[in-house]
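Since the structure comes first, as structure tokens, the remarks are kept for the end.
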Amino acid sequence: MAVSRRLLPPLSCLTAFEAVARLGAVTEAALELDLTQSAVSRQVQKLEAQVGTPLFSRDRKRLQLTDHGARYLRDVRAALAQISNATIALQTNPDGGALNLAILPSFGTHWLAPRLPDFLRNNSGITLNMSTRTQAFDFAQEGFHGAIHFGQDDWPGTQAMKLWDEQALAVVAPDLLRGSDPQDLPRLQLETRPKAWAHWAAAQGWQDPGRPAMVVDQFATMLRAAQAGLGVALMPNYLVIQELTRGDLVVLPGTKPVSTGAYYLVWPELAEDYPALSAFRTWLGAKAQTDGDRAP
């Protein structure tokens with residue numbers, strides 16, 4: 001379908017609008033875009049004239065998005081991100097495509113990375129770029145085609161494919177366990193999972209354990225802290241297979257693994273048919289079925 005040039009705003013107007021909306025001021029947008037303030041203001045005014053409605057409310061020097069402006073911004077950001085991704089793909093791999101993927105640090109290091117040679121052997125035209133993210137984000141503001149997500153299928157504006165339910169084990173150094181009541185041991189907690197211990201304790205029939213002794217930002221740190229005898233760690237089973245086999249850690253006696261959430265591949269709705277993402281989604285779905293949460 002042909003695009004009407006009459007309805008297509010200049011890219012300079014759209015980038016000026018997005019920058020002003022994100023930065024909240026014409027001055028900062030002008031610095032980022034390497035333009036004068038008056039030039040940025042003219043671009044925004046030109047865009048408002050073309051769409052026929054105010055995009056900002058102006059109170060002295062402060063700019064606030066109108067309701068119409070906020071809705072328009074979401075679509076504009078998605079469109080700009082799509083153009084940016086297409087350009088990156090053409091630059092990095094004109095014969096295949098780039099796949100920009102946000103991954104969870106431990107999942108990417110311990111489960112995904114050892115299996116990627118298989119994907120790349122069978123999809124040699126795809127360039128895979130990965131960055132770590134531990135929190136949900138706005139796909140429209142970042143150049144990702146997809147992300148590995150842990151929790152529930154509750155990421156707004158995306159589609160998702162469930163990989164598997166995570167089984168969490170309470171593990172502890174043997175020396176710390178000796179002569180202690182398991183329920184009295186200090187606990188180590190991942191900052192992105194503040195309710196994990198309460199959920200786990202309820203499944204064991206224990207009382208809510210209350211505040212943790214230590215909060216860390218990554219599983220790798222928590223694993224080393226547990227090995228050093230600093231407390232009990234609630235870890236995904238695929239991350240502690242080797243430590244349990246060696247005897248560096250043991251499962252807290254009388255406890256059972258508990259599912260505290262699931263892993264998902266998520267992607268923005270507009271990226272559903274992107275070829276590189278489709279290939280990765282097919283491969284990852286098959287791997288999840290055959291390997292699941294087994295250790296590498």
Side-chain angles (χ1 to χ4, degrees), residues 102-111 132-138 147-156 158 160-266 288 292-295:
I103 60 172
L104 299 170
S106 295
F107 180 95
T109 300
H110 295 277
W111 192 91
T132 57
R133 295 290 187 277
T134 58
Q135 301 281 0
F137 54 85
D138 186 352
I148 301 297
H149 171 56
F150 175 81
Q152 305 297 323
D153 182 9
D154 57 359
W155 194 322
T158 70
M161 179 180 70
K162 184 177 180 179
L163 303 179
W164 69 78
D165 290 306
E166 179 188 271
Q167 297 297 312
L169 299 172
V171 295
V172 62
D175 289 344
L176 183 63
L177 181 62
R178 292 190 182 100
S180 301
D181 185 335
Q183 296 195 44
D184 293 335
L185 293 173
R187 289 172 301 103
L188 311 175
Q189 180 173 295
L190 197 69
E191 67 178 7
T192 55
R193 303 188 185 184
K195 298 181 180 179
W197 272 112
H199 181 86
W200 180 90
Q204 310 300 327
W206 292 11
Q207 293 183 345
D208 188 327
R211 297 177 62 183
M214 182 184 298
V215 178
V216 298
D217 65 345
Q218 292 196 22
F219 275 127
T221 305
M222 190 159 67
L223 178 60
R224 297 296 174 249
Q227 289 178 298
L230 297 179
V232 184
L234 197 57
M235 298 287 299
N237 60 349
Y238 74 92
L239 291 180
V240 292
I241 297 296
Q242 295 179 3
E243 288 74 16
L244 293 174
T245 301
R246 292 196 304 261
D248 297 344
L249 297 171
V250 296
V251 177
L252 206 61
T255 65
K256 59 186 179 182
V258 174
S259 176
T260 56
Y263 290 99
Y264 295 85
L265 173 67
V266 298
D293 55 1
R294 292 182 296 179

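Just so it is clear, the model here is predicted, and its values are computed rather than measured.
More than 12 heavy atoms of other residues, nucleotides or ligands sit less than 6.0 Å from atom CZ of Arg246.
A donor-acceptor contact shorter than 3.5 Å is absent between the side chain of Arg187 and the backbone of Gly231. With hydrogens and angles ignored, the 3.5 Å screen pairs no side-chain donor or acceptor of Gln227 with any backbone N or O of Leu249. A donor-acceptor distance shorter than 3.5 angstrom exists from the side chain of Ser180 to the backbone of Leu176, with no hydrogens or angles considered. For His149 (side chain) and Ala262 (main-chain N/O), no donor-acceptor pair under 3.5 Å exists by modelled atom type. Not one N or O on the side chain of Arg193 forms a donor-acceptor pair closer than 3.5 Å with the backbone of Gly151. Checked by atom type and distance alone, the side chain of Trp155 pairs as donor or acceptor with a backbone atom of Phe137 at under 3.5 Å.
When all heavy atoms are compared, the tightest approach of Lys256 to Ala203 is CE-O, 3.2 Å. Residues Met222 and Ala233 come closest through the heavy atom pair CG-CB, 3.7 Å. Contact detail for Thr255 and Val251: the closest heavy-atom pair is OG1-CG1, 3.7 Å. Scanning all heavy atoms of the two residues, the minimum distance from Leu188 to Trp197 falls at O-NE1, 2.9 Å. The two atoms that bring Leu239 and Ser106 nearest to each other are CD1-CB, 3.7 Å, heavy atoms only. For the pair Ser259 and Gln167, the tightest heavy-atom approach, listed with the atom from each and the gap, is CB-NE2, 3.7 Å.
Using cut-offs of 30° and 60° on the angle between ring planes, the pair Phe107 and Tyr238 is perpendicular. Note on ring orientation: taking the six-membered ring where Trp is involved, the planes of Trp164 and Trp111 are tilted (angle from 30° to 60°).
Residues Leu163 and Met161 are in side-chain contact: their nearest non-hydrogen atoms beyond the backbone lie under 4.5 Å apart. Contact of the Thr134 side chain with the Pro105 side chain is registered, since non-hydrogen atoms from C-beta on lie closer than 4.5 Å. Looking only at side-chain heavy atoms (C-beta outward), Phe150 and Pro236 stay at 4.5 Å or farther from each other. In this structure, Leu177 and Val250 have side chains that are in contact, with non-hydrogen atoms separated by less than 4.5 Å. Within the 4.5 Å cutoff, no side-chain heavy atoms of Asp153 are placed close to those of Lys162.
Here the OG1-CZ distance, from Thr109 to Phe219, works out to 12.5 Å after rounding to the nearest 0.5 Å. A distance of 14.0 Å separates CZ of Arg133 from CD1 of Ile148, quoted to the nearest 0.5 Å. For the atom pair Leu169 CG and Glu243 CD, the distance stands at 11.5 Å (nearest 0.5 Å). Distance CZ/Arg178 to CG/Asp175: 4.5 Å, rounded to 0.5 Å. Rounded to the nearest 0.5 Å, atoms CG (Asp217) and CG (Leu190) are 7.5 Å apart. Atoms NE2 and CD1, from His110 and Ile241 in turn, are 12.5 Å apart once rounded to the nearest 0.5 Å.
Screening Leu244, Leu234, Asp248 for a side-chain contact (heavy atoms from CB on, under 4.5 Å) involving Val171 leaves a single residue, Leu244.
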